[in-house]
> 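What follows is a structure written as structure tokens; I'll ask about it next.
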Amino acid sequence: EFYYKDDSLNDPLVTESQIATFEWASEAELGEIFEIALRTNDFLCGLLLAVDLTLVDFKIEIGRSLRSEGEKLIIADEISPDTCRLWDSKTKRRLDKDVFRLNEGSIAVAYTEVANRFDLLPKNVKKETQ
């Protein structure tokens, strides 16, 4: 799915035809965007599976890097529990922004759990539990 990033319009869904009509991306660039999304999905699924997390879905923002050698399409935003739906592989417990959206507990606890699985927090930080 493609969305036009504009908060005042509530980020509307757009079609490939609209993308071509407004010349936001060429057909070749659309192909590259699909490739970036598929490669990102493959990478994230493997990375998360290693720490017993299931990637349910995700969103990425694609932008152009303007370098002297020419434009290059890149992921132009973070990839985090704010931009992914992550579930514990065994319990199916949500460990993403849906914890907040669905009022299922503390988002800080959920995000800390994800960080702990990747050993990202300093050793002196107490691990939180729900």
Side-chain angles (χ1 to χ4, degrees):
E1 299 173 335
F2 294 97
Y3 293 85
Y4 183 72
K5 182 101 169 109
D6 187 327
D7 290 339
S8 69
L9 299 174
N10 294 319
D11 302 336
L13 178 71
V14 295
T15 65
E16 291 177 51
S17 175
Q18 290 169 316
I19 292 169
T21 299
F22 290 110
E23 299 179 346
W24 293 329
S26 68
E27 190 173 323
E29 287 175 321
L30 278 174
E32 190 175 342
I33 290 168
F34 278 112
E35 180 64 26
I36 290 169
L38 290 172
R39 289 177 55 212
T40 302
N41 183 69
D42 288 346
F43 176 80
L44 288 175
C45 283
L47 179 72
L48 294 165
L49 185 60
V51 293
D52 292 322
L53 292 172
T54 299
L55 178 65
V56 177
D57 65 11
F58 66 98
K59 76 156 189 87
I60 53 176
E61 295 181 15
I62 303 293
R64 290 187 176 92
S65 171
L66 303 176
R67 297 178 173 238
S68 58
E69 64 270 9
E71 293 182 1
K72 178 179 180 181
L73 294 177
I74 59 170
I75 296 176
D77 197 10
E78 67 177 286
I79 297 175
S80 74
D82 265 355
T83 62
C84 302
R85 283 194 177 85
L86 304 174
W87 294 355
D88 180 277
S89 296
K90 296 175 180 130
T91 67
K92 307 303 181 211
R93 183 171 52 111
R94 289 180 175 93
L95 295 169
D96 55 49
K97 200 171 193 172
D98 278 349
V99 170
F100 170 77
R101 287 184 189 120
L102 302 172
N103 198 26
E104 292 184 347
S106 168
I107 196 168
V109 170
Y111 286 17
T112 299
E113 174 66 24
V114 173
N116 285 333
R117 291 190 188 201
F118 286 101
D119 201 24
L120 295 175
L121 297 177
K123 299 297 181 207
N124 61 349
V125 173
K126 181 181 174 188
K127 293 185 178 184
E128 296 185 44
T129 59
Q130 280 187 323

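Excluded from the calculations below are hydrogen atoms, water molecules and symmetry mates; all remaining heavy atoms, backbone and side chain alike, are included.
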> Got more than 12 heavy atoms from elsewhere within 6.0 Å of CZ, F118?
yes
> If two hydrophobic side chains count as joined below 4.5 Å and joins carry through other members, does V14 share a cluster with F22?
yes
> Less than 4.5 Å apart, any side-chain heavy atom of L86 and any of E113?
no
> What donor-acceptor contacts under 3.5 angstrom involve side-chain atoms of residues 27-39, with partners at least two apart or in another chain?
residue	atom	partner	partner atom	Å
E29	OE1	S26	N	2.8
E29	OE1	R64	NH2	3.0
E29	OE2	R64	NE	3.3
E29	OE2	R64	NH2	3.2

> Is there a continuous path of hydrophobic side-chain contacts, each under 4.5 Å between heavy atoms, that joins W87 to V109?
no
> When you group the ILVMFWY residues by side-chain heavy-atom contacts below 4.5 Å and let the links chain together, are L120 and L95 in the same group?
yes
> Linking I/L/V/M/F/W/Y whenever any side-chain heavy atoms sit under 4.5 Å apart, do V114 and L48 land together?
yes
> Atom CD1 of I62 and atom CG of D77: how far apart are they, to the nearest 0.5 Å?
10.0 Å
> In this structure, is the centre-to-centre distance between the rings of Y4 and W24 below 6.0 Å?
yes
> With sequence neighbours excluded, what pairs up with D119 under the salt bridge (Lys or Arg N to Asp or Glu O under 4.0 Å) test?
K123
> Show me the donor-acceptor pairs within less than 3.5 Å that the side chains of residues 52-61 make with the rest of the protein, sequence neighbours left out.
residue	atom	partner	partner atom	Å
D52	OD2	K90	NZ	3.2
T54	OG1	S89	OG	3.1
D57	OD1	R85	NH1	3.2
D57	OD2	R85	NH1	2.8
K59	NZ	E61	OE2	3.1

> So, do E104 and D98 sit near enough that their side-chain heavy atoms are less than 4.5 Å apart?
no
> Take atom CG in D6; do more than 12 heavy atoms of anything else shown fall under 6.0 Å from it?
yes
> Are I79 and C84 packed together at the side-chain level, in the sense that at least one heavy-atom pair is separated by less than 4.5 angstrom?
yes
> Please tell me whether F2 and I75 are part of a single hydrophobic cluster in this structure, the criterion being side-chain heavy atoms less than 4.5 Å apart.
yes
> Looking only at heavy atoms, what is the nearest atom pair of A76 and G63, with distance?
CB-N, 3.8 Å
> Tell me, yes or no, whether the heavy-atom count around F100 atom CZ, taken from other residues, nucleotides or ligands under 6.0 Å, exceeds 12.
no
> Starting at CD1 of I107, measure out to OG1 of T112 and round the result to the nearest 0.5 Å.
10.5 Å
